[in-house]
Amino acid sequence: MENRDVARLLRETARLLELRGENPFRVRAYEQAAEAIEQLDEPVAERVRQGTLTEVPGIGRGLAAQIQELVERGTSEMLERLRQELPPGLPELLTLKGLGPQRVRQLWQTLGIASLDDLEDALRDGRLNQLKGFGPRLHEQLLHALSLRRRYRALRLLAQVLPEAEALRERLRQQPGVIRVELAGAVRRLMEVVDRVELVVAGSAEAVQQVLPQLRQQSGLHGGMLLEGALPDGFPVRVALTTPDAFGTVLWWHTGSEAHCRTFVRTYGAPEPCPEEATIYEQAGLPFIPAELREDRGELEAAAHHALPALIELEDLRGVLHNHSTYSDGRNSLREMAEAACNRGFRYFGTGDHSQSLTIARGLSIAEVRRQQEEIQTLNEQFAARGFRILSGTECDILPDGSLDYPDDVLASFDYVVASVHTRLNMDEKTATERILRALRNPHVTILGHPTGRLLLRREGYPLDWPRIIDACATYRVALELNANPYRLDIDWRRVRDATAAGVPIVINPDAHAIDELDHVRWGVAAARKGWLTPEACLNARDLDELLAWLHQRRQSVQP
DNA sequence: GCCGTTTTCGGCCCGACTGTTTTCAGTCG
């Protein structure tokens with residue numbers, strides 16, 4: 001039992017307790033314990049052995065006993081009882097927007113609805129209308145939530161799939177009978193969400209099946225042989241088999257995108273079988289086109305004119321400008337976060353704790369802002385010798401009317417201001433756009449944080465009139481954040497080029513709530529590359545002096 | 001279920017919105 005597995009079972013227990021209508025604080029205790037176990041920097045089994053579980057904050061005698069049982073038996077008596085008592089499809093219903101524990105219980109007990117399919121049937125045949133508390137709006141909302149769910153269900157985040165896919169590639173490389181392996185498909189193109197793992201293998205089907213016994217042979221396109229199936233957890237895998245002689249061409253076809261390949265073939269003809277993919281572009285007289293650009297968004301034309309962008313790389317980032325600490329809802333102290341950023345080679349680290357109205361995230365009062373700024377000053381005296389600097393920033397809420405959550409004099413005390421929306425996410429395009437535009441006009445705003453509020457595979461963002469937003473960013477010299485949290489990747493990479501074409505800088509921010517989340521910049525850089533971002537157009541690829549100059553200039557230029 | 005005590009009980013993050021009601025329960029962030 002790894003920590004992750006124990007945390008998963010604790011969360012399952014929490015869900016089931018919640019559905020049974022248990023004390024919400026008891027439910028939360030299980031959730032917090034799951035969180036604590038996940039954050040533990042040693043195996044939980046070790047703690048069990050030493051009997052030191054109760055030293056972990058949030059774990060008392062009751063939970064320690066539960067956890068010990070989970071570690072030793074892989075389950076617990078209570079969890080088993082709960083699983084028997086409640087149908088297995090019930091927890092999934094909880095994840096639908098509009099359904100909480102009360103309503104799910106009501107659905108189950110009155111109509112016997114115990115799965116997403118049951119719910120859909122009941123919505124369609126009108127049985128839900130008889131139910132108290134389920135009016136036409138909720139009806140509509142649930143149908144919408146179900147259709148989103150259907151779309152999301154087949155997809156996973158790149159951040160979840162890529163590490164697994166890379167591990168699979170390594171296992172295949174070790175396998176006798178396998179000559180060459182590469183990732184292909186949407187994973188190789190670094191799409192933010194993917195619907196399968198694709199690999200190209202030079203080698204025998206038998207060798208691949210040694211590693212992935214669940215794959216079955218299918219005949220594929222372009223005369224190749226495909227092996228198709230799923231990972232043990234059900235996620236689809238496709239392996240294209242080929243020979244070393246044709247490896248490059250098969251890799252090219254299976255990397256796609258379909259549109260890129262189609263446009264290429266129309267202009268340059270179908271590529272001849274060749275061992276190296278690079279040869280395909282060479283023979284067409286083109287420079288190599290990185291896989292993440294192959295989306296048929298003008299990359300072939302740009303290549304023909306030798307105008308492909310010199311894409312940003314992880315090493316180009318000099319610092320990060322939106323991070324949380326224990327001052328608000330982060331899990332590590334300011335000092336720990338800054339230390340970790342420094343150790344990762346960053347030259348600057350900017351805070352971005354929440355502002356006062358976001359109480360649920362322990363947003364900072366004005367007094368706490370002052371205290372944090374004092375601590376930053378003290379820490380900076382210590383960091384100066386290492387050529388590292390903490391910048392004082394805030395993730396200031398954009399209130400529903402577009403005003404900001406701190407008065408001007410407080411905003412002026414920060415080195416920069418990330419302005420973000422966290423409330424009233426359901427506005428229509430006109431209202432949401434006006435709200436953001438008003439915030440952008442505030443002379444203290446330097447960065448628009450996670451501009452659409454989307455959460456990939458969980459929630460759509462609010463709609464915005466993008467030409468007007470980008471125009472306003474250019475006018476008021478506000479940078480756009482590409483929030484690197486793998487669930488956000490907001491702004492969408494498809495809009496990055498419009499922004500940079502208008503001269504609006506992009507900031508790749510980790511939005512880290514803990515030390516390890518600083519590494520989320522990896523996903524932000526991946527998305528930025530898909531959006532053709534160059535280091536020059538990226539604000540936090542600038543050295544500290546350049547950044548400070550930009551911030552200074554920005555404030556000068558728009559002061560009333 | 002945890003925690004911290006003014007130490008075995010009461011508070012635990014809470015304000016706003018939504019859709020349903022007809023004064024509020026449930027959900028959300």
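Note that the coordinates shown come from a computational prediction; the quantities given were computed from them, not determined experimentally.
Nucleotide B:dT8 forms no Watson-Crick or G-U wobble pair with any nucleotide shown, as no partner meets the under 3.5 Å limit on both distances.
Taking both residues in full, the closest heavy atoms of A:Glu517 and A:Pro510 are given as O-CB, 3.6 Å, listed atom of the first, atom of the second, then distance.
When heavy atoms are screened at a 4.0 angstrom cut-off, A:Ile59 is found touching the sugar-phosphate backbone but no base atom. Across all strands shown, A:Arg459 has heavy atoms under 4.0 Å from sugar-phosphate atoms exclusively, and none from any base. Among the protein residues, A:Arg28 comes within range of the nucleic acid bases, having at least one heavy atom under 4.0 Å from a base atom. Contact annotation for A:Pro24: no contact, since no heavy-atom pair falls under 4.0 Å across all strands. Counting any heavy atom pair closer than 4.0 Å across all strands shown, A:Asn23 reaches a base atom. At a threshold of 4.0 angstrom between heavy atoms, the contacts of A:Lys97 are confined to the sugar-phosphate backbone, with no base atom among them.
Residues A:Leu391 and A:Ile376 form no side-chain contact, since every pair of their non-hydrogen atoms from C-beta on lies 4.5 Å or further apart. Residues A:Ile312 and A:Ile508 have side chains in contact (heavy-atom distance under 4.5 Å, counting atoms from C-beta outward). Taking the side chain as every heavy atom from C-beta outward, A:Leu119 and A:Leu99 approach each other to under 4.5 Å. The closest side-chain heavy-atom distance from A:Cys396 to A:Val418 is not below 4.5 Å.
The side chain of A:Gln102 lies closest to B:dG26, out of B:dG26, B:dT20, B:dG1. Side-chain atoms of A:Thr359 lie closest to B:dC14 of the nucleotides B:dG19, B:dC14, B:dG1. For A:His422, counting side-chain heavy atoms from C-beta on, the closest listed nucleotide (B:dG19, B:dG29, B:dC2) is B:dG29. Between B:dG19, B:dG29, B:dT20, one nucleotide has an atom nearer to the side chain of A:Pro136 than all others, and that is B:dT20. Set against B:dG1, B:dT18, B:dT27, the side chain of A:Pro101 has B:dT27 as its closest nucleotide. The side chain of A:Arg26 has B:dG1 as its nearest neighbour among B:dG26, B:dT20, B:dG1.
In this structure, A:Leu455 atom CG and B:dC28 atom P are separated by 13 Å, rounded to whole Å. One interatomic measurement links the two molecules: CG of A:Leu96 to C1' of B:dG26, which rounds to 15 Å at whole-angstrom precision. Per the geometry, CG belonging to A:Leu99 stands 14 Å off P belonging to B:dG19, to the nearest Å. The separation between A:Lys132 atom NZ and B:dA25 atom C1' is 9 Å, rounded to whole Å. In this structure, A:Leu142 places its CG atom 13 Å from C1' of B:dG26, rounding to the nearest Å. Here B:dC12 presents its P atom at 13 Å from CD of A:Gln32, a figure rounded to the nearest Å. Rounded to an integer number of Å, the gap from A:Leu94 CG to B:dG26 C1' is 13 Å. Atom CZ of A:Phe134 and atom C1' of B:dT20 are 11 Å apart (whole Å).
Comparing B:dT7 with B:dC2, their C1' atoms are spaced 15 Å from each other, to the whole Å. Here, B:dG15 and B:dG10 have their P atoms 22 Å apart, quoted to the whole Å. For the P atom pair drawn from B:dT5 and B:dC13, the interatomic distance equals 16 Å after rounding to whole Å. Taking atom C1' on both B:dC14 and B:dC9, the two are 23 Å apart, rounded to the nearest angstrom. As rounded to the nearest Å, B:dG26 and B:dT21 have P atoms that lie 13 Å from one another. Comparing the same atom, P, in B:dT20 and in B:dT27 gives a spacing of 13 Å after rounding to whole Å. If you take atom C1' in B:dG19 and the same atom in B:dC12, they sit 29 Å apart, rounded to whole Å. A gap of 22 Å separates the C1' atoms of B:dG11 and B:dA16, to the nearest Å.
Proximity of A:Asn426 to the phosphate of B:dT18: a side-chain N or O atom is located under 4.0 Å from OP1 or OP2.
Against DNA chain B, the stretch residues 107-128 of chain A makes no heavy-atom approach under 4.0 Å.
A donor-acceptor contact closer than 3.5 angstrom links the side chains of A:Arg149 and A:Thr95.
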>> salt bridge (charged side-chain N to carboxylate O under 4.0 Å, His left out) for A:Glu38 and A:Arg4? Distances and angles first, verdict last.
In response: CA-CA 6 Å; A:Glu38 231 161 30; A:Arg4 216 167 14 146; over 6 Å; no

>> Applying side-chain contact (heavy atoms from CB on, under 4.5 Å) to A:Arg189 and A:Lys530, what does each step give before you reach the verdict?
In response: CA-CA 8 Å; A:Arg189 298 201 317 278; A:Lys530 291 194 77 63; 3.9 Å; yes

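Under the side chain to side chain donor-acceptor pair (under 3.5 Å) rule, A:Asp511 has a single partner from A:His520, A:His450, A:His322, which is A:His322.
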